[in-house]
Amino acid sequence: MAKEITARTDDYSQWYIDIVKKANLADNSAVRGCMVIKPYGYAIWENMRDQLDRMFKETGHVNAYFPLFIPKSFLSREAQHVEGFAKECAVVTHHRLMNAPDGSGVVVDPASKLEEELIIRPTSETIIWNTYRDWINSYRDLPLLINQWANVVRWEMRTRLFLRTAEFLWQEGHTAHATREEAIAETRQMLDVYARFAEEYMATPVIKGLKTAHERFAGAEDTYCIEALMQDGKALQAGTSHFLGQNFAKAFDVKFLTEDNQQEYVWATSWGVSTRLIGGLIMTHSDDDGLVLPPRLAPTQVVIVPIPKPAAQINEEAEKIMKALRAQGIRVSYDTDEKNRPGFKFAEHEMRGVPVRLGLGLRDLEAGQVEVARRDTKEKKAVPLAGIAEYVAQLLEDIQQNLFDRAARFRAEKTTRVDTFDDFKAILETDIPGFISAHWDGTTETELKIKELTKATIRCIPLDGEVESGTCILTGKPSAQRVLFAKAY
RNA sequence: CGGGAUGUAGCUCAGCCCGGUAGAGUACUCGUCUGGGGGGCGAGUGGUCGCAGGUUCAAAUCCUGUCAUCCCGACCA
């Protein structure tokens, strides 16, 4: 069997790239740092997007769209915000091209210089809050609960397909509230939505937590996050939800009249997840044979492979099976390719992470059964054709659950409590370091020092972590709660 | 942006040191035998050697620049 995917133990980064390319998820593009999301990869994103969109609507949000371009002056209104993003902005300076005088092609027409440069949004807080100023007058206009699906650009030095690209797709929710408490509740609610999505749909267990001051979003008072653990023992921030306080309201002068006729600044939140989730999905479940997808997000949940190739009798049975599966709401396809042999197709569908494969040949038809192979465990089993739809429907649920359980078990195994800096360093030197739960004195100085010494960062202060006092692993100063460290993407 | 490596057929790569007008495997097309885990045989298609300059009678090969990708650092969803 010709292996086309690098083993994880040989080269984890290469394994990841192989999966992305061989499973047809994405390609590098002609533009530095940007990727082409291919139809199969985009289909996964569509499934994520559709489900998240439902969850946003269920919690009272509506979609809108704000411009790609942001006037440069907007970005600098909020001091922390501009400081955080200034180093990675693409800037539009001109609006016209012209033929080069020497005939060598087109050049920027110097006469078309913009009076004020436009920034391609790295995130939309500024343009949105500049707009909200006009939309919000009274407490009756609140809360304002808006989401947008968009692309953003952050000019990254080093990029990796899905995990960090110069342009990426995401959603950004931006809400305005009358009170601090309500805004915080919104921030927490959306964090819960993300966690539920990650666990129930991506089958990826996540830790909900609060970012430290140093890791906080530029312009936020508090940044909450969900953190997932990848198979190589590194953490991935899978989603963030920010309590913005009144920072943007003040920067953009967004006030409202309260019931007792007082002018007050509104309270804000923003929250987002991106195509990075696809990278997380890959690194949570996939193996050396290729992509492994949780059934709820898989573009194709079941594929039927005719053995040895399509034939009238097999096609007929396949149609019946497909009809029965579709009646159960299952996404199924029939591999009608005549050219490749079954063995090739098996490998191909495994590479693309199709959760369930049904192998159907004349031998099976005679026996009134079908060969059912599940992607997560690679188990194969002959199952009677009668009641196959119900069997597969249940199997898809089992696979979804098994993937979650497996990932949860892995995370539990790779989460270590340590109480000394020596133990801390020892864990980080292992092949798969994982999460380290340890005491920290709460200062940015210590956080940076630990990062400098070990490359590990504080991923979050877990929300449901037990309250336990102790002493900081580095400084020995008092600590009220353990925090979660890890090397991170 | 610093350090390292690599760009030759769709893909993986050889050829480069020692300049002489481009090869293999795979993929693709056609035929044929096959067919329950990545098939065999035969015949074909396919490349201005990343790009731009320079040296030379002659450049994939030597020189300069540039772009891209990968790995390692600093930064980040």
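Residue numbers start from 1 in every chain, and the chains themselves are labelled A, B, ... in the order their sequence lines are given, proteins ahead of strands.
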**Report entry** Ring centre gap for A:F421 and A:F424 strictly below 6.0 Å
**Finding:** yes
Query - Separation between the P atoms of B:rA5 and B:rA9, rounded to whole Å - result: 22 Å
Query raised in the report: Can you tell me how far C1' of B:rC76 sits from NE2 of A:H81, to the nearest Å?
Result: 14 Å
Report task. Look at all strands and tell whether A:L236 reaches a base, only sugar-phosphate, or nothing, counting heavy atoms closer than 4.0 Å. Result -> nothing
Query raised in the report: Paired with B:rC57: which nucleotide, if any, by Watson-Crick or G-U wobble criteria at under 3.5 Å for both distances?
Result: B:rG20
Report task. Mind calculating the distance between CG (A:D337) and P (B:rG35) to the nearest angstrom? Result -> 18 Å
Query raised in the report: Taking the C1' atom of each, how far is B:rG47 from B:rA27, in whole Å?
Result: 15 Å
**Report entry** Base B:rG38 to side chain A:E350, donor-acceptor N/O within 3.5 Å cut-off
**Finding:** no
Query raised in the report: Closer than 4.0 Å, any side-chain N/O of A:K451 to the OP1 or OP2 of B:rC75?
Result: yes
Query - Rounded interatomic separation in angstrom, taking CZ from A:F168 and P from B:rA77 - result: 9 Å
Query raised in the report: At their closest point, which heavy atom of A:P122 faces which heavy atom of A:C89, and how far apart are they?
Result: CG-SG, 4.1 Å
Query - Salt bridge present between A:E348 and A:K345 (N-O < 4.0 angstrom) - result: no
Report task. Could you give the distance separating B:rC16 and B:rC62 at their P atoms, to the nearest angstrom? Result -> 9 Å
I'd like a table of atom pairs between the protein and nucleotides 26-32 of chain B - only N or O on both sides, under 3.5 Å - with the distance next to each one.
unit_1: B:rC28; atom_1: OP1; unit_2: A:K339; atom_2: NZ; d: 3.0

Query - Counter-base of B:rG44, judged by Watson-Crick or G-U geometry with both distances under 3.5 Å - result: B:rC28
Query raised in the report: Do the side chain of A:K380 and the base of B:rG37 come within less than 3.5 angstrom through a donor-acceptor pair of N or O atoms?
Result: yes
Report task. Tell me the partner of B:rG73, counting only Watson-Crick (N1-N3 plus N6-O4 or O6-N4) or G-U wobble (N1-O2 and O6-N3) with both under 3.5 Å; none if nothing fits. Result -> B:rC1
Under 3.5 Å, sequence neighbours excluded: what are the donor-acceptor pairs made by side chains of residues 220-229 of chain A?
unit_1: A:E221; atom_1: OE1; unit_2: A:R180; atom_2: NH2; d: 3.2
unit_1: A:T223; atom_1: OG1; unit_2: A:F217; atom_2: N; d: 2.9
unit_1: A:T223; atom_1: OG1; unit_2: A:H242; atom_2: ND1; d: 2.8
unit_1: A:E227; atom_1: OE1; unit_2: A:R459; atom_2: NE; d: 3.3
unit_1: A:E227; atom_1: OE2; unit_2: A:K211; atom_2: NZ; d: 2.8

**Report entry** Gap between atoms CD1 and C1', on A:I458 and B:rC76 respectively (whole Å)
**Finding:** 17 Å
Report task. Measure from the side chain of A:P308, starting at C-beta and using heavy atoms only, and say which of B:rG35, B:rA77, B:rC76 lies closest. Result -> B:rG35
Query - Base paired to B:rG7 (Watson-Crick or G-U; both N/O distances under 3.5 angstrom) - result: B:rC67
Requested in this report: For A:K309, report the nucleic acid contact type (base, sugar-phosphate, nothing); a contact means any heavy atom under 4.0 Å.
Outcome: base
Report task. Mind checking A:E156 for me? I need base, sugar-phosphate or nothing, with any heavy atom below 4.0 Å counting as a touch. Result -> base
Query raised in the report: Which residue, A:D11 or A:Y489, contacts RNA chain B at a nucleotide closer to its 5' end, judged by nearest heavy atom?
Result: A:D11
Requested in this report: Output yes when A:R374 and A:D376 qualify as a salt bridge under the 4.0 Å nitrogen-oxygen rule, no when they do not.
Outcome: yes
Return a table of donor-acceptor pairs under 3.5 angstrom between the side chains of residues 278-287 of chain A and protein atoms on other chains or two or more places apart.
unit_1: A:T284; atom_1: OG1; unit_2: A:G280; atom_2: O; d: 2.6
unit_1: A:H285; atom_1: NE2; unit_2: A:M202; atom_2: O; d: 2.7
unit_1: A:H285; atom_1: NE2; unit_2: A:A203; atom_2: O; d: 3.3
unit_1: A:S286; atom_1: OG; unit_2: A:I282; atom_2: O; d: 3.0
unit_1: A:S286; atom_1: OG; unit_2: A:V292; atom_2: N; d: 3.0
unit_1: A:D287; atom_1: OD1; unit_2: A:D289; atom_2: N; d: 2.8
unit_1: A:D287; atom_1: OD1; unit_2: A:G290; atom_2: N; d: 3.3
unit_1: A:D287; atom_1: OD1; unit_2: A:R375; atom_2: NH2; d: 2.8
unit_1: A:D287; atom_1: OD2; unit_2: A:R375; atom_2: NH1; d: 2.9

Report summary line: A:M202 atom CE is separated from B:rA77 atom C1', nearest whole Å, by 13 Å
Query raised in the report: Does A:R154 get its side chain close enough to the base of B:rC76, under 3.5 Å, for a donor-acceptor pair?
Result: no
**Report entry** P gap between B:rA59 and B:rC1, integer Å
**Finding:** 33 Å
Report summary line: note: A:I314, atom CD1; B:rG36, atom C1'; distance rounded to Å ~ 11 Å
Query raised in the report: With respect to the phosphate group of B:rA74, does any side-chain polar atom (N or O) of A:K455 fall under 4.0 Å of OP1 or OP2?
Result: yes
Requested in this report: Identify whether any heavy atom of A:T165 sits under 4.0 Å from a base atom; if not, whether one sits that close to sugar-phosphate; answer base, sugar-phosphate or nothing.
Outcome: base
Query raised in the report: Between the base of B:rG35 and the side chain of A:R341, is there any donor-acceptor pair under 3.5 Å?
Result: no
Query raised in the report: Whole Å only: how far is the CE atom of A:M35 from the P atom of B:rU69?
Result: 13 Å
**Report entry** Residue A:A347, side-chain atoms from C-beta onward, closest of B:rG38, B:rG36, B:rC70
**Finding:** B:rG38
Query raised in the report: Does atom CD of A:E46 have more than 12 heavy-atom neighbours from other groups under 6.0 Å away?
Result: yes
Query - Closest heavy-atom pair and its distance - A:D288, A:T6 - result: OD1-O, 4.4 Å
Query raised in the report: Charged N to carboxylate O below 4.0 Å: is that the case for A:R8 and A:D232?
Result: no
Query raised in the report: Taking for each residue the nucleotide of RNA chain B bearing the nearest heavy atom, is the 5' side occupied by A:I17 or by A:E371?
Result: A:E371
Report task. Scan A:E348 against the nucleic acid and name what it touches under 4.0 Å (heavy atoms): base, sugar-phosphate only, or nothing. Result -> base
Requested in this report: Quote, to the nearest angstrom, the C1' distance that separates B:rG46 from B:rA24.
Outcome: 14 Å
Query raised in the report: Can you tell me how far C1' in B:rC41 sits from the matching atom in B:rG37, rounded to whole Å?
Result: 22 Å
Requested in this report: May I ask you to say what A:T123 touches in the nucleic acid, namely base, sugar-phosphate or nothing, with a heavy-atom cut-off under 4.0 Å?
Outcome: nothing
Report task. Using whole Å, report how far CG of A:N24 lies from C1' of B:rC11. Result -> 13 Å
Query raised in the report: Rounding to the closest angstrom, what is the interatomic distance between B:rU29 and B:rG15 at atom C1'?
Result: 28 Å
Report task. Just call it for A:G33: base, sugar-phosphate, or nothing, with non-hydrogen atoms closer than 4.0 Å on any strand. Result -> sugar-phosphate
Query - Gap in Å between the two C1' atoms, one belonging to B:rC28 and one to B:rA68, rounded - result: 27 Å
Query - Pair A:H81 and A:W129, ring centroids less than 6.0 Å apart - result: no
Query raised in the report: Are A:T240 and B:rA77 close enough that a side-chain N or O sits under 4.0 Å from OP1 or OP2?
Result: no
Query raised in the report: Taking the six-membered ring for Trp, are the ring centroids of A:F85 and A:W155 within less than 6.0 Å of each other?
Result: no
Query raised in the report: Which is true for A:L169 with a 4.0 Å heavy-atom rule: it touches a base, it touches only sugar-phosphate, or it touches nothing?
Result: nothing
